[in-house]
Amino acid sequence: MHSGKNSTGKTTAYFHLPGLFEFYELYRLFLKCFAEHRNYFYDWCEIGSIYGAPADCIWGGGRVGFGDSDPEEVLALLEGYGISGRLTFSNSLLRPEHLSDRKCNLLCSMFEGTKAAQSGVIVHSDLLLDYVKNRYPGLYAVSSTTKVQTEAADFLKEVEREEFRFVVPDFRLNKDFALLRKLPQSKKDKVEFLCNECCRFGCRDRKACYESVSRKSLGEAAPEHICTSPDAKEGYRFSKAMKNPGFISVEEIQTVYLPMGFSNFKLEGRGLGSALVLEILMYYLVKPEYQLPVREEIYLDNMLDLF
């Protein structure tokens, strides 16, 4: 578990990045840049994990996966840089007959075998949690934000659960400092804040939205979930996310959350394009004066289709 201290004893923010399978080519370049030009990046941050799921994974949830990268290549990339990979298996509607899915079991088996850094699985379903814990004990578990636990009591119960190494609360609890300050350090180490959610703060349909994605992952016919947000047609915009009351800025990570004892921060973006994901990575990890050199390192690689 990341305790918030790096090898020099300094307080460290661990970022959990989106699109493990979806943006393999982007991370192939970004991680190389991170390793070779560490001075371009904030010295108080590290990459805690990269999460995602390939297309057509029935255990998938949160976002409909479109990643088509070879799992062996993905694992080789993670092993090469010693970074934890997380399988996003947060489907909320799984039934016992789904547990035998060959593709998802194979992925769990592959990821359990990593050596450089332990892999994990992000789960919603307790049915799947118990199955993975018993069959793939080498994988750590993360409680998914798709549970939409907006009540303090529910969040506190989730953090107490020993089977979870990390818990991602609903983004509407991000600024509940009266609640967060009361947590003992052992529980603060488990909390992983979703920093850049764009969903309307007052949305009451979030759980229904996630269930719609879960049905799609299962291949079940169901009515399309229609977002009722007034600006839903615009889609995700990072500039809009920055105005969300639950948004956690770089400055707040440094001046509020790290001093308070929190050290894990999740970035949203699996369903976006790689160009926008890169901008999100730039904002959170790269020093402003080095953002252009990092863009050049990545844009000038002809193998990467950014748009």
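Every heavy atom of this structure was used, including side-chain atoms; hydrogens, water molecules and symmetry mates were not. Everything numeric in this text was worked out from a predicted model, so none of it was measured.
Remark: Tyr51 engages no residue in a ring pair (Phe, Tyr, Trp, His ring centres under 6.0 Å) (not counting sequence neighbours). Shown here are the side-chain contact (heavy atoms from CB on, under 4.5 Å) partners of Pro259, two or more places apart in sequence or in another chain: there are none. By the salt bridge (charged side-chain N to carboxylate O under 4.0 Å, His left out) test, Glu151 pairs with no residue at all, sequence neighbours left out. The side-chain contact (heavy atoms from CB on, under 4.5 Å) search around Ile83 returns Leu31, Ile47, Ile50, Leu78, Tyr81, not counting sequence neighbours. Take Glu73 and apply the side-chain contact (heavy atoms from CB on, under 4.5 Å) test, not counting sequence neighbours, and it matches Tyr24, Asp70. A search for salt bridge (charged side-chain N to carboxylate O under 4.0 Å, His left out) contacts involving Glu251 returns nothing, not counting sequence neighbours. The salt bridge (charged side-chain N to carboxylate O under 4.0 Å, His left out) check on Glu72 picks up nothing, with sequence neighbours excluded. Among residues two or more places apart in sequence or in another chain, the salt bridge (charged side-chain N to carboxylate O under 4.0 Å, His left out) test is passed with Arg161 by Asp126, Glu158, Glu163. Under the ring pair (Phe, Tyr, Trp, His ring centres under 6.0 Å) criterion, Phe262 pairs with Phe193, not counting sequence neighbours. Applying the ring pair (Phe, Tyr, Trp, His ring centres under 6.0 Å) test to Phe247 and every residue at least two apart in sequence or in another chain returns nothing. Scanning for ring pair (Phe, Tyr, Trp, His ring centres under 6.0 Å) contacts around Phe41 gives Phe30, Phe34, with sequence neighbours left out.
No side-chain donor-acceptor contact under 3.5 Å links His124 and Asn91. Under the 3.5 Å distance criterion, with hydrogens and angles disregarded, a donor-acceptor pair is assigned to the side chains of Tyr131 and Asn105. In this model, no donor atom of one side chain and acceptor atom of the other lie less than 3.5 Å apart for Ser186 and Lys190. Thr114 and Ser119 share a donor-acceptor pair across their side chains, judged by distance under 3.5 Å alone. Counted by atom type alone, Gln149 and Arg172 present zero donor-acceptor pairs between their side chains at under 3.5 Å.
In summary, Glu160 and Lys157 do not engage in a salt bridge, as defined by a charged side-chain N under 4.0 Å from a carboxylate O. Comment: Lys240 does not engage Glu197 in a salt bridge, judged by the lack of any side-chain N to carboxylate O separation of less than 4.0 angstrom. Between Arg270 and Glu22 there is a salt bridge, since at least one side-chain N of the basic residue sits less than 4.0 Å from a carboxylate O of the acidic one. A salt bridge between Lys133 and Glu162 is absent, with no side-chain N of the basic residue lying under 4.0 Å from a carboxylate O of the acidic one.
Aromatic pair Phe177/Tyr257: centroids less than 6.0 angstrom apart. Separation of the Phe265 and Tyr14 ring centroids does not fall under the 6.0 Å cut-off.
Sorted by first and then second residue, the pairs that involve residues 175-186 and meet salt bridge (Lys or Arg N to Asp or Glu O under 4.0 Å), not counting sequence neighbours, are Lys175-Glu252.
Under a 3.5 Å cut-off, the side chain of Asn196 and the backbone N or O of Leu267 do not form any donor-acceptor pair.
Taking the six-membered ring where tryptophan is involved, the planes of Tyr290 and Tyr40 are essentially parallel, since the angle between them stays under 30° and well short of 60°.
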